[in-house]
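Before any comments, here is the structure.
Counting begins at 1 with the first residue of the sequence.
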Amino acid sequence: MLRHISKAFKGNRGYHTFEQGDFCMLRQVKSNKKFFVGPLEEAGERGVKGGNIRHDSIIGKKPRSVIRPGNDSLGYMAHFPTLEEFVVNVPRACTPIYPKDASTIVQMLDLEPGHRVLEAGTGNGSLTLYMARAVAGGGNCVGTIDTFDIRESHSNTARKHVERYSRGKYKPTVSFHIGAVADKLPEMMNAEEQYDAIALDMPEPCDQIPRLLPYLKNDRFMVCYLPNMTQVLALAELIIDLPLVMEDCIEAEWKEWEVRATHIRSRLKLKEEDGTTPATITEVALPPDAWVCRPKNFDVRGHTAFLVKLRKSAAVL
């Protein structure tokens, strides 16, 4: 039974070793600070505290291997990046939809494997990847994402990110299109074809929504990413005359907390003076006198956008 389970998961949850073209997160073992590296190339290197780490010292290694820059004592543990780590660290053609919003949009759209999704405003491909992972499946439950952007440079950058993330596992799920979505859809779809969900990240969604609405299945969802409340109010006014109901308007916020052990310096000094604790022992080896628990970046404004969830509510004939 255990052998059968192992085979079932092989290849589905990461890879055995790093290869050329992969991305890597290096985590300093002592401080936990992370460095994004990649795509890995034989001649590449990454500057870190203590020197440079050559890409070829990572290639061929297993995840959780400790890499050291030269003969320096600092160790860096290698990990495959999570989707969150990937989308916030890859080069940007524009500001990405951050993981807190992308994951919320996936939930608001009620996505599942096999769904067909329309995205207008590909941008950096962050939301594209989150939605592709949600609708991808096995067997006959393989979903698709049609994503549009009016800027070819944005579309090309997003395509590159989708191709590079996790060795392109979601590449077959995503089709990239360039141009205004409402103008292009009639050229590629017939009147009977519809999507299970629509995600809109565009400056003026009100101009497009009436033309896109026929392509959304009844009783399914459209989510708009709107940076300011003026846009939300304009959308609320628009849908009065449309078969749409505003079910939610959400501002997603994540507050990251710092939780770590610490030592009171006066107590540590006394322990060293009375001989109970040699001065050479690192603080990590000692039981903590107290804990630090506080929000990280607590003074940073966390607003990115309002996420507005609309449900199509056409009359049933």
Side-chain angles (χ1 to χ4, degrees), residues 97 101-123 126-137 140-150 173-177 179-252 304-317:
I97 291 183
D101 293 318
S103 56
T104 304
I105 291 171
V106 167
Q107 180 269 326
M108 295 173 80
L109 290 173
D110 193 36
L111 298 183
E112 61 184 52
H115 275 175
R116 187 180 187 186
V117 182
L118 171 64
E119 178 186 25
T122 310
S126 168
L127 179 59
T128 312
L129 275 168
Y130 270 85
M131 295 194 299
R133 184 168 68 173
V135 304
N140 295 324
C141 288
V142 180
T144 58
I145 309 287
D146 282 317
T147 182
F148 290 77
D149 204 293
I150 59 174
T173 307
V174 185
S175 296
F176 293 89
H177 309 274
V181 60
D183 295 334
K184 293 291 183 178
L185 278 182
E187 301 173 4
M188 55 182 284
M189 297 179 64
N190 59 52
E192 289 74 31
E193 292 182 278
Q194 291 182 310
Y195 290 96
D196 297 286
I198 296 178
L200 302 180
D201 175 17
M202 53 177 58
E204 301 293 340
C206 291
D207 297 337
Q208 302 290 310
I209 288 175
R211 300 173 64 189
L212 297 178
L213 196 53
Y215 296 98
L216 178 65
K217 292 180 180 178
N218 203 21
D219 205 39
R220 291 298 300 170
F221 304 104
M222 176 186 297
V223 171
C224 299
Y225 180 93
L226 303 173
N228 61 70
M229 183 53 69
T230 302
Q231 293 170 306
V232 176
L233 296 176
L235 178 60
E237 186 175 0
L238 171 75
I239 66 174
I240 291 175
D241 298 320
L242 293 175
L244 285 169
V245 175
M246 184 183 294
E247 292 205 342
D248 289 301
C249 178
I250 293 175
E251 184 181 16
T304 48
F306 297 102
L307 310 179
V308 181
K309 176 182 177 181
L310 307 174
R311 184 194 287 264
K312 186 173 180 179
S313 54
V316 179
L317 301 178

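- Residues F306 and I250 fail the side-chain proximity criterion, which asks for heavy atoms closer than 4.5 Å.
- Separation of atoms CG (D146) and CZ (R116) is listed at 5.5 Å; rounding is to 0.5 Å.
- Side-chain N or O atoms of Q231 include one that pairs as donor or acceptor with a backbone N or O of P203 at under 3.5 Å.
- For the atom pair CG (L238) and CG (L244), the distance works out to 8.0 Å, reported to the nearest 0.5 Å.
- The closest donor-acceptor contact from the side chain of R220 to the backbone of D110 lies under 3.5 Å.
- Here CG of D149 is found 12.0 Å from NE2 of H177. Values are rounded to the nearest 0.5 Å.
- Between atom CD of residue E119 and atom CD1 of residue I198 there is a gap of 11.5 Å, rounded to the nearest 0.5 Å.
- Under the side chain to side chain contact (heavy atoms under 4.5 Å, CB included) test applied with I145, the options L111, L127, L129, V117 reduce to a single match, V117.
- Each of L226, L200, D248, V223 was checked for a side chain to side chain contact (heavy atoms under 4.5 Å, CB included) with V308, and the lone residue meeting it is L226.
- Checking side-chain atoms of N190 against main-chain N and O of E193 turns up a donor-acceptor pair under 3.5 Å.
- For the pair I209 and L235, the minimum side-chain heavy-atom distance is below 4.5 Å.
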| request: Could you walk me through whether L185 and M188 pass side chain to side chain contact (heavy atoms under 4.5 Å, CB included), step by step? | output: CA-CA 5 Å; L185 278 182; M188 55 182 284; 4.2 Å; yes
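- At a threshold of 4.5 Å between non-hydrogen side-chain atoms, the residues L242 and L310 do not count as touching.
- Side chain of T122 to backbone of F148: a donor-acceptor contact under 3.5 angstrom is found.
- In this structure the side chain of V181 reaches within 4.5 angstrom of the side chain of M202, judged on heavy atoms.
- A distance of 6.0 Å separates CG of L212 from CG of L118, quoted to the nearest 0.5 Å.
- Considering NZ of K309 and CZ of R311, their distance stands at 6.5 Å, rounded to 0.5 Å.
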